[in-house]
> 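Below is a structure I'd like to ask you about.
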Amino acid sequence: MGHGGGNHKKHPAMAGRARLLVNGCGFHVAVIDAPGHGDRPRTEHDEAEIAALFAARAADEPEGPIVVRCNDHLAKLAVPEYRALLDTLQELPAVGIDGPVGFWGINMGTAIGVPFVAAEPRITAEVFGQHWPDLLAEKAKQITVPIEFDLQWDDEHISREEGLALFDAFASKEKSLHVNSGKHKELPRFEADSAIRFFARTSAARSPRRPDVNGCGVWPASRTPRPAQVEADHADHDSAHTASRLSEGCRRARPSLFPA
């Protein structure tokens with residue numbers, strides 16, 4: 001998984017999503033700090049970009065150009081690290097190389113995730129959203145695996161046209177656009193529930209063990225599910241992805257997931 005700007009690998013949003021993925025469907029989950037975040041020191045370049053961002057806010061100027069530029073710089077550093085991490089994870093007996101691999105990252109997680117997925121053929125599904133298309137659209141055109149994309153209709157930073165342009169750029173035949181009313185930091189918690197079902201469905205389709213996707217939150221009307229309550233922490237704009245209920249049967253599917 002990839003965390004949002006200003007957050008870190010142990011942020012409540014990451015812990016909450018990881019619990020949903022592990023407890024809900026038995027995925028393996030990994031998160032690392034992006035460059036200049038969490039336990040990693042900031043460089044002079046990082047400090048300069050942060051100062052520029054605060055200055056733009058103080059002057060009531062658009063933040064987009066600064067965030068896009070900064071995130072592009074971080075992505076160039078982070079993508080090789082993410083690929084190396086995936087190499088290491090797949091050497092673990094519990095993970096292996098045969099299972100499907102997903103990526104989940106919103107905001108800065110999308111800024112890093114799009115070039116990562118474009119360069120990484122092992123990724124089989126991803127959840128992205130809430131970022132400008134400026135430097136990502138060309139990379140998005142290289143991505144053909146299933147995608148679920150989140151967009152806030154009243155986002156005060158990213159216009160509807162910009163969000164739709166990035167979604168439209170993905171070359172995936174299977175792609176779902178999830179639009180909700182609300183501002184940038186108001187992504188509904190139930191979108192996490194949707195993301196879990198999305199990963200369960202796409203993983204079931206590719207898993208060599210072919211788990212029953214109907215046991216992962218998508219069950220026939222004739223079947224009465226036995227839900228298990230799973231709570232995740234609520235945090236800021238990159239952490240509003242939490243879910244309330246997942247089917248107990250979802251635990252039967254145990255593919256690997258590289259997080260967002």
> Roughly how far apart are Glu191 CD and Asn180 CG, rounded to 0.5 Å?
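Spacing of CD (Glu191) from CG (Asn180) equals 4.5 Å.
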> Please determine whether residues Val68 and Ile66 belong to a single hydrophobic cluster, defined as Ile, Leu, Val, Met, Phe, Trp and Tyr linked transitively by side-chain heavy-atom distances below 4.5 Å.
yes
> Measure the SG-CG distance between Cys70 and Asp46 for me, rounded to the nearest 0.5 Å.
6.5 Å
> Run the side chain to side chain contact (heavy atoms under 4.5 Å, CB included) test against Lys9 and tell me which residues pass, sequence neighbours left out.
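If we apply the side chain to side chain contact (heavy atoms under 4.5 Å, CB included) test to Lys9, skipping adjacent residues, the hits are Val31, Asp33, Asp39.
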> What's the shortest heavy-atom distance between Phe128 and Gly109, and which atoms?
CE2-O, 4.4 Å
> Apply side-chain contact (heavy atoms from CB on, under 4.5 Å) to residues Gln130 and Leu187 and explain how you reach the verdict.
CA-CA 9 Å; Gln130 292 191 271; Leu187 188 64; 3.6 Å; yes
> For Tyr82 and Phe116, take the angle between the two ring planes, folded into 0 to 90°, and tell me which bin it lands in: parallel under 30, tilted 30 to 60, perpendicular over 60.
perpendicular
> Using a cut-off of 6.0 Å, state whether more than 12 heavy atoms not belonging to Arg42 lie near its atom CZ.
no
> State, to 0.1 Å, how close Pro35 and Leu74 come at their nearest heavy-atom pair, and which atoms those are.
O-CD2, 3.5 Å
> Mark yes or no for whether Thr124, through its side chain, and Val101, through its backbone, hold a donor-acceptor pair below 3.5 Å.
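The answer is yes, because a donor-acceptor pair under 3.5 Å joins these two groups.
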> Charged N to carboxylate O below 4.0 Å: is that the case for Arg201 and Glu174?
yes
> Leu135 and Phe170: same hydrophobic cluster, using ILVMFWY side-chain contacts below 4.5 Å?
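No, Leu135 does not connect to Phe170 through the hydrophobic network.
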> Say you draw a straight line from CZ of Phe103 to CD1 of Ile123; how long is it, rounded to the nearest 0.5 Å?
7.5 Å
> Applying side chain to side chain donor-acceptor pair (under 3.5 Å), name anything that partners Gln152, two or more places apart in sequence or on another chain.
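Counting only residues at least two positions away or on another chain, Gln152 forms no side chain to side chain donor-acceptor pair (under 3.5 Å).
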> Restricting to pairs with a member in residues 52-62, which pass salt bridge (Lys or Arg N to Asp or Glu O under 4.0 Å), not counting sequence neighbours?
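For residues 52-62: Arg57-Glu63.
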> May I ask you to decide if Glu148's main-chain N or O and Ser176's side chain share a donor-acceptor pair within less than 3.5 Å?
no
> Report the distance from atom CG of Leu177 to atom CD1 of Ile147, rounding to the nearest 0.5 Å.
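Interatomic distance, Leu177 CG to Ile147 CD1, rounded to 0.5 Å: 9.5 Å.
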> Is there a continuous path of hydrophobic side-chain contacts, each under 4.5 Å between heavy atoms, that joins Val95 to Ile32?
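In one cluster with Val95: Ile32, yes.
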> Quick one: side-chain hydrogen bond (donor to acceptor under 3.5 Å, both in side chains) pairs with a partner in residues 133-146, sequence neighbours left out?
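Output for this query lists Glu138-Lys141.
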> Measuring from Phe199:CZ to Leu21:CG, what's the distance to the nearest 0.5 Å?
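Phe199 atom CZ to Leu21 atom CG measures 7.0 Å (nearest 0.5 Å).
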> Between His157 and His184, what is the ring plane arrangement, given parallel below 30°, perpendicular above 60°, and tilted in between?
perpendicular
> Measure across Ala140 and Leu166 and return the closest heavy-atom pair with its distance rounded to 0.1 Å.
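The pair with the smallest heavy-atom distance is CB-CD1, 4.3 Å.
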> Test side-chain contact (heavy atoms from CB on, under 4.5 Å) on His28 and Leu89; report intermediate values, then the result.
CA-CA 9 Å; His28 301 286; Leu89 290 172; over 6 Å; no
> Any chance you could lay out the side-chain contact (heavy atoms from CB on, under 4.5 Å) test for Phe167 and Leu151, step after step, and finish with the verdict?
CA-CA 9 Å; Phe167 172 76; Leu151 186 153; 5.8 Å; no
> Could you tell me which residues satisfy side chain to side chain donor-acceptor pair (under 3.5 Å) with Asp87, sequence neighbours excluded, listed by chain and number?
Arg122
> If you compare all heavy atoms of Ala75 against all heavy atoms of Ala111, which two are closest, and at what distance to 0.1 Å?
CB-O, 3.6 Å
> Please round to the nearest 0.5 Å and tell me the distance separating atom CG of Asn71 and atom NE2 of His131.
4.0 Å
> Going through the checks in order, is the side-chain contact (heavy atoms from CB on, under 4.5 Å) test met by Asp72 and Lys76?
CA-CA 6 Å; Asp72 180 61; Lys76 291 175 181 176; 3.4 Å; yes
> Do Ile112 and Ile50 belong together in a cluster built from hydrophobic side chains that touch within less than 4.5 Å?
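In one cluster with Ile112: Ile50, no.
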> Going hydrophobic residue to hydrophobic residue with side-chain gaps under 4.5 angstrom, can you get from Val79 over to Val67?
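They do not share one cluster, since no chain of ILVMFWY contacts under 4.5 Å joins Val79 to Val67.
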> Measure from NZ or CZ of Lys175 to the centre of the six-membered ring of Phe149, then state whether that distance is under 6.0 Å and the direction lies within 45° of the axis.
no
> Please find the pair of heavy atoms, one from Ser194 and one from His178, that lie closest to each other, and give the distance.
OG-CE1, 2.9 Å
> Got Thr202 and Pro100 here, is their nearest side-chain heavy-atom distance under 4.5 Å?
no
> In this structure, which one of Lys185, Arg160, Lys183 forms a salt bridge (charged side-chain N to carboxylate O under 4.0 Å, His left out) with Asp154?
Arg160
> Counting only heavy atoms not in Glu44 (residues, nucleotides, ligands), do more than 12 fall under 6.0 Å from its CD?
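Counting neighbours around CD of Glu44, 12 or fewer heavy atoms of other residues, nucleotides or ligands fall under 6.0 Å, so no.
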> Suppose clustering is done on Ile, Leu, Val, Met, Phe, Trp and Tyr with side-chain heavy atoms closer than 4.5 Å. Which residues sit in the same group as Leu77?
none
> Looking at every non-hydrogen atom in both residues, tell me the closest pair between Ala34 and Met108 and how far apart they are.
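Shortest heavy-atom separation between Ala34 and Met108 comes out as CB-CE, 3.7 Å.
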